[in-house]
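This report concerns only the one structure given below.
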Amino acid sequence: MTLAPDTTLADRLLPWYVAHARDLPWRHADVTGWGVLVSEIMLQQTPVARVEPIWHEWMARWPRPSDLAAAPTAEVLRAWGKLGYPRRALRLQAAAAVVAAEHDDVVPSDVETLLALPGIGAYTARAVAAFAYGRRCPVVDTNVRRVVARAVHGRAEAGDASARDLPETEALLPLDDAAAARTSAALMELGATVCVARGPRCADCPVHDLCAWQHAGRPARDGPVKKAQRWAGTDRQVRGRLLDVLRGAPGPVEAPALESAWLTDPAQRARCLDSLLVDGLVEQLADGRFALPGEPVDTQATHDPSS
DNA sequence: TAAGCGTGGAA
DNA sequence: TTTCCAAGCTT
């Protein structure tokens with residue numbers, strides 16, 4: 001059969017999304033803006049499978065922004081667990097405090113107000129506006145940039161993010177708000193499950209015949225080689241080790257407990273501990289011990305430097 | 001603007 | 001084993 005000349009990506013994506021979208025808990029109709037915001041922060045650079053159980057715990061424990069705002073930060077960081085990038089948890093708690101104090105405990109629905117909250121950038125603000133409140137606004141993440149790079153530009157991979165991403169993606173959205181929001185979700189879902197970075201499943205793609213990359217014969221990427229990210233021995237690894245000690249401890253710990261977490265390079269350990277203090281992820285008590293922020297201090301005489 | 005920031009699963 | 005990658009934000 002021949003293709004109608006005015007068939008759009010959205011025409012194909014919407015029915016595909018209805019039939020194939022994953023049943024993710026934060027997509028359920030009864031989830032509040034708060035639930036969507038928590039999911040979006042947790043999902044930054046973090047796979048869905050690891051987020052799901054933690055998101056459920058957070059929603060049960062802190063169902064409103066004011067609940068999280070009132071929690072001891074030490075408990076927030078423990079509940080964050082090993083999701084990674086724990087500064088996200090700090091900023092999420094700070095954002096919750098602003099929402100509770102200035103927005104009547106309701107997550108804002110407009111992009112500008114969302115952007116003013118700590119830890120919320122161009123992607124997350126639009127994701128909340130679209131997915132929680134059905135706004136028509138382009139939602140551009142790594143998945144969407146890859147889908148657009150392939151389907152629209154015929155390139156194997158997206159380049160660096162640019163100011164053109166937003167208007168370019170908006171041009172793909174239907175005029176109707178609800179349909180546009182759903183199209184944004186569908187673009188992301190396609191990139192996450194079909195039009196993936198490695199081994200795209202083009203045979204299952206609903207826009208296969210509209211895809212510029214297909215028409216071009218699926219050319220390989222061209223451009224400069226991207227430098228691999230190292231891990232072993234980095235400050236990130238050391239910070240992770242230090243924080244893991246504090247998360248696992250019931251309360252404040254002595255300095256040697258942290259020193260044993262990284263014996264390779266004492267100077268590096270000291271530098272990383274200092275950076276954690278600066279970031280507000282760790283506190284030092286008056287008696288010299290270290291703790292997660294807001295950790296209740298034991299009043300028992302379990303620690304007496306004079307003895 | 002580019003670098004820094006966690007973690008772990010899959011290729 | 002190593003490398004790549006996953007719904008980014010901040011400075």
Side-chain angles (χ1 to χ4, degrees), chain A residues 21-22 24-27 35-55 77 80-92 94-95 114-132 137-148 156-163 165-166 169 181 184-193 195-201 221 224-247 261-262 268 271-272 275-276 278-282:
Chain A
R22 292 166 294 175
L24 301 176
W26 42 85
R27 287 176 175 167
V36 173
L37 174 57
V38 171
S39 78
E40 292 300 340
I41 300 292
M42 289 182 171
L43 286 163
Q44 291 170 3
Q45 304 282 283
T46 309
V48 165
R50 221 179 308 165
V51 166
E52 276 206 55
I54 308 292
W55 182 86
L77 290 172
W80 190 260
K82 308 197 80 167
L83 277 185
Y85 293 140
R87 294 187 297 185
R88 290 183 291 168
L90 243 38
R91 292 177 180 139
L92 180 51
L114 286 161
L115 280 171
L117 297 173
I120 298 189
Y123 161 75
T124 304
R126 290 176 176 80
V128 170
F131 304 150
C137 55
V139 179
V140 181
D141 75 330
T142 185
N143 290 306
V144 173
R145 292 198 304 114
R146 185 174 54 250
V147 169
V148 171
E157 293 182 15
D160 293 331
S162 91
D165 294 340
L166 241 42
T169 303
S184 291
L187 281 167
M188 287 182 59
E189 188 74 357
L190 187 71
T193 64
C195 194
V196 294
R198 282 186 294 186
R201 299 167 34 231
R221 64 162 303 206
V225 291
K226 40 191 171 187
K227 58 188 90 169
Q229 60 172 2
R230 285 170 171 63
W231 171 248
T234 60
D235 284 4
R236 283 150 86 166
Q237 185 185 24
V238 178
R239 285 165 56 104
R241 289 275 190 88
L242 294 170
L243 218 46
D244 198 42
V245 170
L246 290 167
R247 277 196 304 262
W262 191 257
Q268 185 185 25
R271 181 177 71 242
C272 289
S275 75
L276 288 169
V278 169
D279 286 349
L281 285 163
V282 176

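Each chain gets a letter, A, B and so on, in the order its sequence line appears, and its residues count up from 1. Since we're looking at a predicted model, the values are computed, not measured.
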Self-check item: Arg88(A) and Thr46(A) side chains, donor-acceptor separation under 3.5 Å
Solution: yes
Sorted by number, residues from residues 234-244 of chain A placing a heavy atom under 4.0 Å from DNA chain B are Asp235(A), Arg236(A), Arg239(A), Gly240(A)
The answer to which of Pro118(A) and Val48(A) contacts DNA chain C further toward the 5' end, by nearest nucleotide, is Val48(A)
| Derivation of the salt bridge (charged side-chain N to carboxylate O under 4.0 Å, His left out) call for Arg146(A) and Glu157(A) | CA-CA 6 Å; Arg146(A) 185 174 54 250; Glu157(A) 293 182 15; over 6 Å; no
Separation of dA7(C) atom C1' from Arg145(A) atom CZ, nearest Å, is 12 Å
Check your understanding: Counting only distance, no hydrogens or angles, is the base of dG6(B) paired donor-acceptor with the side chain of Thr46(A) under 3.5 Å?
Key -> yes
Rounded to the nearest 0.5 angstrom, the CG-CH2 distance for Leu90(A) and Trp80(A) is 10.5 Å
Scanning both residues in full, the closest heavy-atom pair of Arg126(A) with Cys137(A) reads O-SG, 3.5 Å
Problem set entry | Neighbour count above 12 (heavy atom, 6.0 Å) for Arg230(A) CZ | no
*Side-chain N or O of Arg247(A) less than 4.0 angstrom from OP1 or OP2 on dT7(B)?*
yes
Indicate, yes or no, whether a donor-acceptor pair under 3.5 Å links the base of dT10(C) to the side chain of Arg87(A).
no
5'-most contact on DNA chain B (nearest-nucleotide basis), Asp160(A) vs Ser275(A), goes to Asp160(A)
